[in-house]
Amino acid sequence: MAGGFGPTGAVGNTRAAQYEGHATFYVVFACLVAATGGSLFGYDLGISGGVTTMDDFLQKFFPTVYRRKEYHSHDQDYCKYNSQTLTAFTSSLYMAGLVFTFAASYTTRVYGRRLSILIGGVSFLIGATLNAAAINLEMLILGRIMLGVGIGFGNQAVPLYLSEMAPAKLRGGLNMMFQLSTTLGIFVANMINYGTQKIHPWGWRLSLGLAAVPATCMIIGGIFLPDTPNSLIERGCFDEGRAVLQKIRGTTNVQPEYDDLVEASEIANSIKHPFRNILQKRNRPQLVMAIFIPAFQQLTGINTILFYAPVLFQSLGFGGNASLYSAVLTGAVLCLATLVSIATVDRWGRKFLFLEGGAQMFVCQIIISVVLALKFGGDKDLSKGWAVFVVVLICTFVAAFGWSWGPLGWLVPSEIFPLETRSAGQSITVSVNLFFTFVIAQSFLALLCALKFGIFILFAGFVAIMSIFIFLFLPETKNVPIEEMVLEWRRHWLWKNVVPITEFELNQMKEDDEQKFGTSNQSPSANGSQQ
């Protein structure tokens, strides 16, 4: 059967059944090293919330917040950390990442995934150095911007790298190494904050400066790791691409997969304006997912926990040590939940984990809002028993996120685009993610002050909407080769009307029939290969 690509750049007639190879030590090692890029994002998520509760840090850069924290009254329980300047410290990173992810898209496509990983690591290292040495707010914010550049490049390149290196049957688990690295970064950051908050007056400098460690790991990965065969072939390095493909698949018989990659690269190189191409109707399903999935990931309310877990727990009446301890606990739960997702995503599928996690998060948020409405605020302090119950609910919520929207929010967008729009699609995913991360970071403390317990009801409503969205509009993508994903859209009840079979592929089907019935008048396939 003739293999070939239609104008959409996806495989018209599948060769997937002929793919050979297995999970080699080399591909697992490469994915593990590359995935350390996720620890940059995770470390910052964990470190920012903890540092913004440290008295030495607040006294130096945000004295108004420090005074409000020390002398707050009961009617300020939800509002004592409400400061737009303080939230700008956190959210400036995400705006910088949003802007630079588009530069990362060009770099990733033209110069390869590996170079973007390297640039991300160097930028993050510079940002960590500036933050650790900051003597004024301007220097602090500049450091955050450089961290944002690192996040923009890293989050753009690493998920693509993992999805392209992994064999189809293990793509979910290996891609989730990015999320596992992110959660480990959060956990380690919380542990570091727990120790450095006892070091006066420079403990916060140590917390911020240790971001250099994951940055260095990312730089080492950018220097020594190979680029993906997809990227190498797209850039014309055919022999090197074949060699890497043979090495990561553990076999010399990679011709069917190699042919798919060559044909995908031919289509990709014919597209001069990928961002313009991605707006065409045939790419509508992927574009919808690239916008809504990362937006919904942030609207789960997870950042109410991860950004400001120490802030939240102090607002609920915990002491300084107890709040950081609680943040460490949620970080550990997130790591364990991600391991559950890695073990099950290629067996149970993406949709099951999305829907189960959504249901669990919805229930937890509703119960938390009821408890806080009845037992906390005004002249009421949360008793120890009820506080422990809230922590248990939060951990249950974090676990649900950790095996559903957390890792899948990065996995699914990185695996659904054809090669010619993959870098552009990932940039849209990252920019949307960082935009909503910025919005949540900038508005959460003000929302907490205004809505109080109602903030959890707000996010529960978003969780209900996103679960319905996944149920109706996302096809199952487990075990589908990345260059053949378009076939799943054509089987979907809605998207098959948007991504119809093309005239090119109809001609390919006619060629297959001619071959089947022995007709001599055969036309060559797009690449002259036989499946």
Side-chain angles (χ1 to χ4, degrees), residues 10 14 16 159 162-163 166-180 283-302 334 337-365 396-418 425-426 429 432-433 459-499:
T14 178
L162 298 175
S163 286
K169 292 184 179 179
L170 296 174
R171 187 175 63 247
L174 289 177
N175 183 283
M176 283 184 180
M177 294 297 180
F178 178 80
Q179 178 66 13
L180 179 62
N283 291 317
R284 193 68 46 77
Q286 298 97 319
L287 180 61
V288 168
M289 296 301 158
I291 293 172
F292 281 93
I293 287 180
F296 283 146
Q297 185 193 52
Q298 297 307 310
L299 293 174
T300 57
I302 187 63
L334 193 57
T338 306
L339 290 174
V340 172
S341 190
I342 290 173
T344 59
V345 66
D346 290 313
R347 187 183 316 163
W348 295 350
R350 282 64 159 156
K351 288 189 72 170
F352 173 83
L353 292 177
F354 264 132
L355 296 175
E356 190 285 330
Q360 187 170 322
M361 287 189 290
F362 177 83
V363 171
C364 288
Q365 287 173 318
T396 305
F397 170 86
V398 169
F401 178 86
W403 61 56
S404 61
W405 280 91
L408 295 175
W410 291 108
L411 167 62
V412 172
S414 73
E415 67 181 359
I416 60 176
F417 282 94
Q426 185 67 11
T429 297
V432 172
N433 183 289
F459 286 121
F462 284 129
V463 169
I465 292 171
M466 66 185 69
S467 297
I468 295 171
F469 173 85
I470 291 295
F471 179 77
L472 291 177
F473 302 122
L474 180 68
E476 182 54 65
T477 60
K478 71 171 183 177
N479 298 334
V480 180
I482 195 169
E483 302 301 349
E484 300 188 356
M485 200 64 69
V486 73
L487 300 176
E488 299 307 308
W489 304 112
R490 291 187 182 135
R491 296 186 183 106
H492 188 269
W493 68 273
L494 174 64
W495 301 125
K496 68 182 180 182
N497 300 315
V498 179
V499 191

(message) Using 0.5 Å steps for rounding, measure from the CD atom of Gln286 to the CZ atom of Phe417.
(response) 6.0 Å

(message) Less than 4.5 Å apart, side chain to side chain, heavy atoms only: is that true for Trp493 and Phe473?
(response) yes

(message) Are the side chains of Ser414 and Leu162 in contact, using a 4.5 Å heavy-atom criterion?
(response) no

(request) Working to the nearest 0.5 Å, report the span between OG of Ser163 and CD of Gln426. (result) 8.0 Å

(request) May I have the step-by-step check of side-chain contact (heavy atoms from CB on, under 4.5 Å) for Val463 and Phe401, ending in yes or no? (result) CA-CA 11 Å; Val463 169; Phe401 178 86; over 6 Å; no

(message) For a 4.5 angstrom cut-off between non-hydrogen side-chain atoms, does Pro407 reach Val345?
(response) no

(message) Give me the atom names and distance for the closest heavy-atom approach of Ser467 to Leu355.
(response) O-CD2, 3.3 Å

(request) Give, for atom CD1 of Ile470 and atom CG of Leu353, the distance between the pair rounded to the nearest 0.5 Å. (result) 11.5 Å

(request) List the atom of Phe354, the atom of Leu408, and the distance in Å for their closest heavy-atom pair. (result) CZ-CB, 3.4 Å

(message) Could you tell me if the side chain of Met361 sits less than 4.5 Å from the side chain of Ser404, heavy atoms only?
(response) yes

(request) Heavy atoms only: give me the nearest Gln297-Gly409 pair and the separation to one decimal. (result) NE2-CA, 3.7 Å

(message) Main chain of Gln298, side chain of Asn433: is a donor-acceptor contact present, judged purely on distance under 3.5 Å?
(response) no

(request) Grab the two heavy atoms, one from Gly357 and one from Ala400, that are nearest each other, plus how far apart they are. (result) O-CB, 3.6 Å

(request) Taking all heavy atoms of Leu299 and all of Phe459, pick out the closest pair and write down the distance. (result) O-CD2, 3.3 Å

(message) Less than 4.5 Å apart, side chain to side chain, heavy atoms only: is that true for Met289 and Pro413?
(response) no

(message) Between Glu476 (side chain only) and Glu488 (backbone N and O only), is there a donor and an acceptor less than 3.5 Å apart?
(response) no

(message) Donor-acceptor check, side chain of Lys351 to backbone of Phe471, threshold 3.5 angstrom: yes or no?
(response) yes

(message) Please report the interatomic distance CG(Leu170) to CE(Met176), rounded to the nearest 0.5 Å.
(response) 12.5 Å

(request) Report the C-alpha distance between Lys478 and Arg350 in whole Å, list the side-chain angles of each, state the deciding distance to 0.1 Å, and finish with yes or no for side-chain contact (heavy atoms from CB on, under 4.5 Å). (result) CA-CA 7 Å; Lys478 71 171 183 177; Arg350 282 64 159 156; 3.3 Å; yes

(request) Determine, step by step, whether Trp403 and Thr344 satisfy the side-chain contact (heavy atoms from CB on, under 4.5 Å) criterion, reporting the C-alpha distance in whole Å, the side-chain angles of both residues, the deciding distance to 0.1 Å, and the verdict. (result) CA-CA 9 Å; Trp403 61 56; Thr344 59; 5.9 Å; no

(message) Ring-plane angle category for Phe296 and Trp405, please: parallel below 30°, perpendicular beyond 60°, tilted otherwise.
(response) perpendicular

(request) Return the orientation label for the Trp348 and Phe352 ring planes: parallel under 30°, perpendicular over 60°, tilted otherwise. (result) perpendicular

(request) Kindly compute the distance separating CZ (Arg284) from CH2 (Trp489), expressed to the nearest 0.5 Å. (result) 13.0 Å

(request) Compare all side-chain heavy atoms of Ile302 with those of Phe397 and state whether any distance is below 4.5 angstrom. (result) yes

(message) Within the structure provided, determine whether Lys169 and Asp346 are in side-chain contact (heavy-atom separation under 4.5 Å).
(response) no

(request) Answer yes if the side chains of Glu415 and Thr477 hold a donor-acceptor pair under 3.5 Å, and no otherwise. (result) yes

(request) May I have the step-by-step check of side-chain contact (heavy atoms from CB on, under 4.5 Å) for Leu334 and Val398, ending in yes or no? (result) CA-CA 6 Å; Leu334 193 57; Val398 169; 3.7 Å; yes

(message) Taking the side chain as everything from C-beta on, heavy atoms only, tell me whether Leu494 gets closer than 4.5 Å to Pro285.
(response) no

(request) Enter the distance from Phe178:CZ to Leu411:CG here, rounded to the nearest 0.5 Å. (result) 11.5 Å

(request) Write down the atom of Leu174, the atom of Ala166, and the distance for their closest heavy-atom approach. (result) CD1-CB, 3.6 Å

